[in-house]
Amino acid sequence: MNQEAPRKTLPRLDESLLTHLPPFSQLERHQIRTILDQASSRRYAAGAHIFDEADPADRFFMLLDGYVRVMRVTSTGEQVTALHIPSGQLLGIAKALGRDTYPATAVTATESIVLSWPTRLWDTFVTEYSGFATETYKTVGHRVGEMNNRVVEMATQQVEQRVANALLRLVNQTGRKVDGGIEIDFPITRQDLSELTATTLHTASRLLSGWEKLGVVESKRKRIKVCDPHALVLLSQG
DNA sequence: TCATTAATCGATA
DNA sequence: TATCGATTAATGA
């Protein structure tokens with residue numbers, strides 16, 4: 001479903017790509033046209049770095065298709081996934097955080113299509129396009145809240161609850177309804193899940209196979225489907 | 001209760 | 001076939 005004939009340039013961008021996305025939804029058509037004419041679009045293979053932590057933030061991005069993992073490096077030097085970003089969201093918005101370097105590393109989890117603009121346009125966007133700033137800060141606030149929740153969970157909850165919570169979050173953000181449940185819409189390994197929850201691959205694996213026996217989840221390689229979200233909520237609350 | 005090590009099996013490219 | 005991901009058991013913090 002993601003295969004795309006290789007080509008040097010993507011087709012001319014259509015206004016409808018942005019009209020329904022929150023940061024742009026309140027804009028006039030001609031404003032969106034202007035924004036698109038200033039954008040570069042690029043396709044990334046799975047696992048590609050869009051930008052790295054501490055790099056100068058010379059561009060900001062809108063994820064049009066695919067999924068991106070935001071990675072941070074812990075004090076001990078390990079890479080940890082901080083959060084996942086589904087398509088239709090902005091990323092690399094250092095300017096919104098008052099920074100001139102990227103606060104984290106963004107790696108594509110699937111093949112992705114990304115629009116980007118030079119950071120110098122940020123102030124123009126904020127002042128000239130009503131709704132852009134408020135919608136942007138809304139998503140920023142939401143993300144910060146999620147990361148904080150995760151930190152609190154790490155400190156207070158048992159492993160089983162943390163993993164259950166992480167799964168619920170993934171389902172909420174990127175879940176896709178399929179028959180028999182909700183599937184996480186991008187490839188996620190036990191390793192990834194264990195990094196999200198600060199546990200080991202093996203513990204995450206054991207928990208998942210336990211839940212699979214209970215009929216709460218189903219999983220194949222790199223795929224996890226939640227069949228009984230309610231049961232997972234119960235698990236997440238201990 | 002959970003992490004670590006190691007062995008093994010199966011899927012994927 | 002070589003590599004990667006998933007599973008399980010054993011052991012110890």
Side-chain angles (χ1 to χ4, degrees), chain A residues 1-7 43-50 52 65-86 104-113 146-176 178-238:
Chain A
M1 107 174 150
N2 250 341
Q3 80 283 22
E4 187 74 29
R7 54 187 157 217
R43 194 167 57 84
Y44 291 86
H49 286 222
I50 300 176
D52 286 291
D65 188 42
Y67 288 96
V68 168
R69 268 194 270 275
V70 175
M71 319 277 292
R72 308 234 25 208
V73 179
T74 66
S75 45
T76 55
E78 301 150 287
Q79 289 252 316
V80 168
T81 305
L83 74 123
H84 288 84
I85 297 183
T105 299
V107 181
T108 55
T110 65
E111 180 176 331
S112 300
I113 298 182
E146 277 212 352
M147 298 219 276
N148 278 342
N149 282 342
R150 209 191 295 282
V151 171
V152 172
E153 282 170 20
M154 301 287 193
T156 61
Q157 297 187 330
Q158 307 271 69
V159 170
E160 186 177 40
Q161 281 99 54
R162 296 209 303 269
V163 177
N165 266 313
L167 257 189
L168 284 172
R169 251 196 304 273
L170 285 169
V171 163
N172 282 333
Q173 286 169 9
T174 70
R176 188 171 52 90
V178 294
D179 59 300
I182 307 171
E183 188 172 75
I184 291 166
D185 200 22
F186 61 90
I188 180 155
T189 65
R190 316 300 158 122
Q191 177 81 54
D192 294 330
L193 196 56
S194 68
E195 285 173 0
L196 277 174
T197 53
T199 182
T200 61
L201 155 70
H202 313 274
T203 300
S205 179
R206 255 184 243 109
L207 285 171
L208 275 183
S209 33
W211 294 342
E212 179 142 18
K213 284 197 180 69
L214 296 175
V216 177
V217 302
E218 271 176 41
S219 65
K220 322 187 234 313
R221 174 178 252 236
K222 290 192 178 186
R223 288 273 154 200
I224 301 175
K225 180 172 80 176
V226 176
C227 307
D228 189 347
H230 183 246
L232 205 55
V233 170
L234 294 183
L235 285 165
S236 76
Q237 291 166 358

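Chain identifiers are assigned alphabetically (A, B, ...) following the order of the sequence lines, protein sequences preceding nucleic acid strands; residue numbering begins at 1 within each chain. Basis for what follows: all heavy atoms, side chains included, without hydrogens, waters or symmetry-related copies.
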**OP:** List in chain and number order the residues that pass salt bridge (Lys or Arg N to Asp or Glu O under 4.0 Å) with E153(A), two or more places apart in sequence or in another chain; answer none if no residue qualifies.
**Re:** R169(A)

Original post:
Sub-3.5 Å donor-acceptor pair from the side chain of T156(A) to the main-chain atoms of V152(A), do we have one?
Top reply: yes

**OP:** Could you list by number each residue of residues 154-165 of chain A showing a heavy-atom separation from DNA chain B of less than 4.0 Å, or answer none if no residue does?
**Re:** Q158(A), V159(A)

Distance-only donor-acceptor hits, side chain of residues 225-238 of chain A, under 3.5 Å, sequence neighbours excluded:
unit_1, atom_1, unit_2, atom_2, d
K225(A), NZ, D179(A), O, 3.3
D228(A), OD1, H230(A), N, 3.4
D228(A), OD1, A231(A), N, 3.1
S236(A), OG, V233(A), O, 2.7

**OP:** Using heavy atoms and a sub-4.0 Å distance, could you list which residues of residues 189-198 of chain A are near DNA chain C? By number, please.
**Re:** T189(A), R190(A)

**OP:** Grab the two heavy atoms, one from G66(A) and one from S112(A), that are nearest each other, plus how far apart they are.
**Re:** CA-OG, 3.6 Å

Subject >> Under 3.5 Å: donor-acceptor pair, side chain of T189(A), backbone of D192(A) >> reply: yes

Original post:
Nucleotide range of DNA chain C contacted by chain A, 5' to 3', under 4.0 Å to a heavy atom?
Top reply: dC4(C) to dA10(C)

Original post:
In chain order, what residues pass the salt bridge (Lys or Arg N to Asp or Glu O under 4.0 Å) check against R190(A), with sequence neighbours excluded?
Top reply: none

Original post:
Who pairs with T199(A) by side-chain hydrogen bond (donor to acceptor under 3.5 Å, both in side chains), at least two apart in sequence or on another chain?
Top reply: none

**OP:** Spell out protein contact along nucleotides 4-13 of chain B as letters: B when the base is contacted, S when just the sugar-phosphate is, - when no protein heavy atom is under 4.0 Å; keep the 5' to 3' order.
**Re:** BBB---BBS-

Original post:
Is the distance from OP1 or OP2 of dC2(B) to the nearest side-chain N or O of T199(A) less than 4.0 Å?
Top reply: no

Original post:
Can you list every ring pair (Phe, Tyr, Trp, His ring centres under 6.0 Å) pair that touches residues 178-198 of chain A, not counting sequence neighbours?
Top reply: Y67(A)-F186(A), H84(A)-F186(A)

Original post:
Considering all heavy atoms of both residues, which atom of I224(A) and which atom of L193(A) are nearest to each other, and what is their separation?
Top reply: CD1-CD2, 4.3 Å

Original post:
Which residues satisfy the salt bridge (Lys or Arg N to Asp or Glu O under 4.0 Å) test with R206(A), sequence neighbours excluded?
Top reply: none

**OP:** Quick one: label S219(A) by what it contacts on the DNA or RNA (base, sugar-phosphate, nothing), any heavy atom closer than 4.0 Å.
**Re:** nothing

Original post:
End-to-end bend of the helix from dT1(B)-dA13(C) to dA13(B)-dT1(C) (five-pair axes, 10° rounding)?
Top reply: 20°

Original post:
Roughly how far apart are I184(A) CD1 and L167(A) CG, rounded to 0.5 Å?
Top reply: 5.0 Å

**OP:** Tell me, please, which residues at least two apart from D52(A) pass side-chain contact (heavy atoms from CB on, under 4.5 Å).
**Re:** H49(A), D55(A), T105(A)

**OP:** Determine the contact category for K222(A): base if any of its heavy atoms lies under 4.0 Å from a base atom, sugar-phosphate if only primed atoms, P, OP1 or OP2 are that close, otherwise nothing.
**Re:** sugar-phosphate

Original post:
If you look at every heavy atom in L196(A) and R150(A), which pair is closest and at what distance?
Top reply: O-CD, 3.6 Å

Original post:
Any sub-3.5 Å donor-acceptor pair from R176(A)'s side-chain atoms to D185(A)'s backbone N or O?
Top reply: no

Subject >> Backbone N/O of M71(A) and side chain of T81(A): donor-acceptor pair under 3.5 Å >> reply: no

